[in-house]
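Take a look at the structure below.
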Number of protein chains: 2
Amino acid sequence: MTLPERTVERLSEYRRSLLQCLEEGKTHIFSHELAGLHHNTAVQVRRDIMFIGYTSMQRKGYDVRELIDVIGDILDSGKGLNVAVIGIGNLGRAVTTYFVGKRSKLNIIATFDVDTTKIDRVISGVKCYPINRMKEIVEANNISIAIVTVPADSAAEVTAQLVEAGIMGLMNFTTVPLNVPDEVYLDEYDMITSLEKVAYFVKSPRN
Amino acid sequence: MTLPERTVERLSEYRRSLLQCLEEGKTHIFSHELAGLHHNTAVQVRRDIMFIGYTSMQRKGYDVRELIDVIGDILDSGKGLNVAVIGIGNLGRAVTTYFVGKRSKLNIIATFDVDTTKIDRVISGVKCYPINRMKEIVEANNISIAIVTVPADSAAEVTAQLVEAGIMGLMNFTTVPLNVPDEVYLDEYDMITSLEKVAYFVKSPRN
DNA sequence: TGGAAATTGTGATTTAATTAACAATATTTT
DNA sequence: AAAATATTGTTAATTAAATCACAATTTCCA
Ligand SMILES: NC(=O)c1ccc[n+]([C@@H]2O[C@H](COP(=O)([O-])OP(=O)(O)OC[C@H]3O[C@@H](n4cnc5c(N)ncnc54)[C@H](O)[C@@H]3O)[C@@H](O)[C@H]2O)c1
Ligand SMILES: NC(=O)c1ccc[n+]([C@@H]2O[C@H](COP(=O)([O-])OP(=O)(O)OC[C@H]3O[C@@H](n4cnc5c(N)ncnc54)[C@H](O)[C@@H]3O)[C@@H](O)[C@H]2O)c1
């Protein structure tokens with residue numbers, strides 16, 4: 001029973017809002033409140049929560065803490081995963097700095113680069129290794145997710161190496177589509193495309 | 001007649017591949033070839049191209065140059081748009097550096113920050129202005145798109161200012177959902193959510 | 001206590017996106 | 001020049017996602 005992709009995304013977003021609520025001392029939340037915090041409807045929220053099989057106390061809204069835990073059971077199930085960032089340029093550095101220490105179950109534990117001036121540098125406590133030691137280090141540290149921030153023309157090569165090393169999930173920030181076997185999960189995020197899309201809809205507003 | 005959101009995205013991606021083809025001297029391309037370059041089917045490619053009303057020479061595939069132009073007519077229609085980056089921290093700097101000079105019709109022409117040490121700095125040829133001059137500069141330079149890379153707790157405030165200043169499209173990199181009026185197009189990209197989604201599907205592979 | 005009101009959970013329906021199916025057409029082969 | 005092949009463009013069918021509609025339950029309050 002795997003959840004719809006969009007539902008997984010929304011659950012992650014809900015959790016962040018819920019943690020915020022908890023900090024503010026809010027113990028219960030209604031579906032329409034949670035919907036209001038996202039761009040979303042109350043039904044959608046209830047449907048998503050239905051998928052994960054959580055039910056609230058009727059009429060009191062969802063128990064914030066419980067819901068956080070239930071989402072955690074889904075999103076963080078089992079042990080945490082180790083993550084590597086490949087290519088410590090402008091974007092790689094920003095992403096590494098940002099993610100370190102953020103989500104406790106997803107740990108960035110290594111970065112890789114070809115540039116000898118970057119090797120052995122420590123970014124937010126994470127060391128940069130030479131790319132030719134990638135397989136060795138990925139295997140030794142049980143790294144299963146890679147964030148790819150190398151230049152476009154190295155992306156295919158690096159990806160092949162990552163797959164070879166046994167990586168199971170990949171976040172691609174380069175602007176070339178990557179090819180991975182079916183069993184490897186691939187998330188592509190193309191900023192140029194996003195910006196061009198924004199521009200298109202600015203010029204051709206819908207409805 | 002506005003195109004489906006996903007089609008707009010794919011057209012942007014196709015164009016990039018097509019430009020690459022052109023460089024390599026390829027003059028024609030079949031739908032299944034273009035599909036192969038993306039994670040996509042030939043039918044989907046033909047459907048997308050149908051939407052924009054381009055038709056190929058039967059059996060010869062699409063004329064690469066013509067198709068680039070037709071996509072350009074859709075994506076770059078009319079005059080170019082001006083873009084600002086708000087918050088010149090790690091991510092804002094990376095994004096600015098990256099985008100400058102990339103797409104000729106979308107020009108980053110200003111950045112903004114509150115940090116006085118950053119103001120007046122020039123990043124890849126783009127000057128950083130104090131955030132309190134935002135409205136003035138946005139209006140004077142006809143900036144219609146903003147890329148938001150401020151800390152999460154400033155995001156709502158900055159967004160309100162941007163809307164007030166007349167911004168029509170917004171790319172949000174912060175992890176709080178923004179609220180904008182209907183007529184403003186909003187693209188949210190949440191890296192934490194993406195990473196959590198990758199982790200989920202690594203642990204619970206589909207099919 | 002007995003409505004009225006608020007809220008959830010979910011089956012049914014609608015809408016949007018993708019995929020299948022195939023006729024039409026151009027090219028190649030024999 | 002007829003048959004076989006490859007490819008497009010598009011209608012129809014399917015699948016996936018979102019929304020509607022409403023019964024069930026709980027709380028509120030007169
Ligand atoms: N900077 C952005 O905001 C941005 C936005 C969208 C997309 N991207 C994409 O992200 C990628 C990186 O962008 P950037 O701006 O950080 O570039 P960058 O040039 O600053 O960084 C690239 C890094 O990768 C390293 N590298 C090169 N080849 C390598 C290899 N084979 N193995 C390991 N490391 C290698 C380089 O030494 C460098 O440190 C590019 O593909 C770019 O298209 C960046
Ligand atoms: N760095 C990343 O890779 C990354 C990834 C995902 C999301 N984000 C999000 O992007 C945002 C920026 O991240 P970052 O790592 O660049 O942070 P950062 O702290 O390096 O940069 C934030 C910048 O915004 C400026 N700023 C603060 N308040 C402002 C205001 N009111 N007006 C204008 N500028 C203001 C700060 O002076 C600073 O320069 C954050 O919201 C973060 O959640 C960053």
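Keep in mind the model is a prediction, meaning the values are calculated, not measured. Here is how names work: the chains are called A, B, and so on, in the same order as the sequence lines, proteins then strands, and each is numbered from 1.
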For a quick test of your reading: what N or O donor-acceptor pairs under 3.5 Å do the side chains of residues 18-29 of chain A make, sequence neighbours left out?
from   : atom 1 : to     : atom 2 : distance (Å)
Q20(A) : NE2    : E24(A) : OE2    : 3.0
K26(A) : NZ     : E33(A) : OE2    : 3.1

Test ring pair (Phe, Tyr, Trp, His ring centres under 6.0 Å) applied to H39(A) - qualifying residues, sequence neighbours left out:
none
Provide a list of protein-nucleic acid N or O atom pairs under 3.5 angstrom, restricted to nucleotides 7-14 of chain C.
from    : atom 1 : to     : atom 2 : distance (Å)
dT8(C)  : OP1    : S31(A) : N      : 2.9
dT8(C)  : OP2    : S31(A) : OG     : 2.4
dT8(C)  : O4'    : Q58(A) : OE1    : 3.4
dT8(C)  : O3'    : S56(A) : OG     : 3.3
dG9(C)  : OP1    : S56(A) : N      : 2.9
dG9(C)  : OP2    : Y62(A) : OH     : 2.8
dG9(C)  : N7     : R46(A) : NE     : 2.7
dG9(C)  : O6     : R46(A) : NH2    : 2.7
dG11(C) : O6     : R47(A) : NH2    : 2.6

What are the 5'-most and 3'-most nucleotides of DNA chain D lying under 4.0 Å from any heavy atom of chain B?
dT5(D) to dA12(D)
Ring pair (Phe, Tyr, Trp, His ring centres under 6.0 Å) involving F99(B) - partner list, sequence neighbours excluded:
none
Compile the donor-acceptor pairs under 3.5 Å between side chains in residues 143-154 of chain A and protein atoms, sequence neighbours left out, one pair per line.
from    : atom 1 : to     : atom 2 : distance (Å)
T149(A) : OG1    : I86(A) : O      : 3.0
T149(A) : OG1    : G87(A) : O      : 2.6

Scan the side chains in residues 156-171 of chain A for donor-acceptor partners under 3.5 Å anywhere in the protein, sequence neighbours excluded, and list what turns up.
from    : atom 1 : to      : atom 2 : distance (Å)
T159(A) : OG1    : A155(A) : O      : 2.7
E164(A) : OE2    : K135(A) : NZ     : 2.8

All pairs passing side-chain hydrogen bond (donor to acceptor under 3.5 Å, both in side chains) where residues 60-71 of chain B contributes a residue, at least two apart:
Y54(B)-E66(B)
Those residues that, when tested against H38(B), pass ring pair (Phe, Tyr, Trp, His ring centres under 6.0 Å) (two or more places apart):
Y14(B)
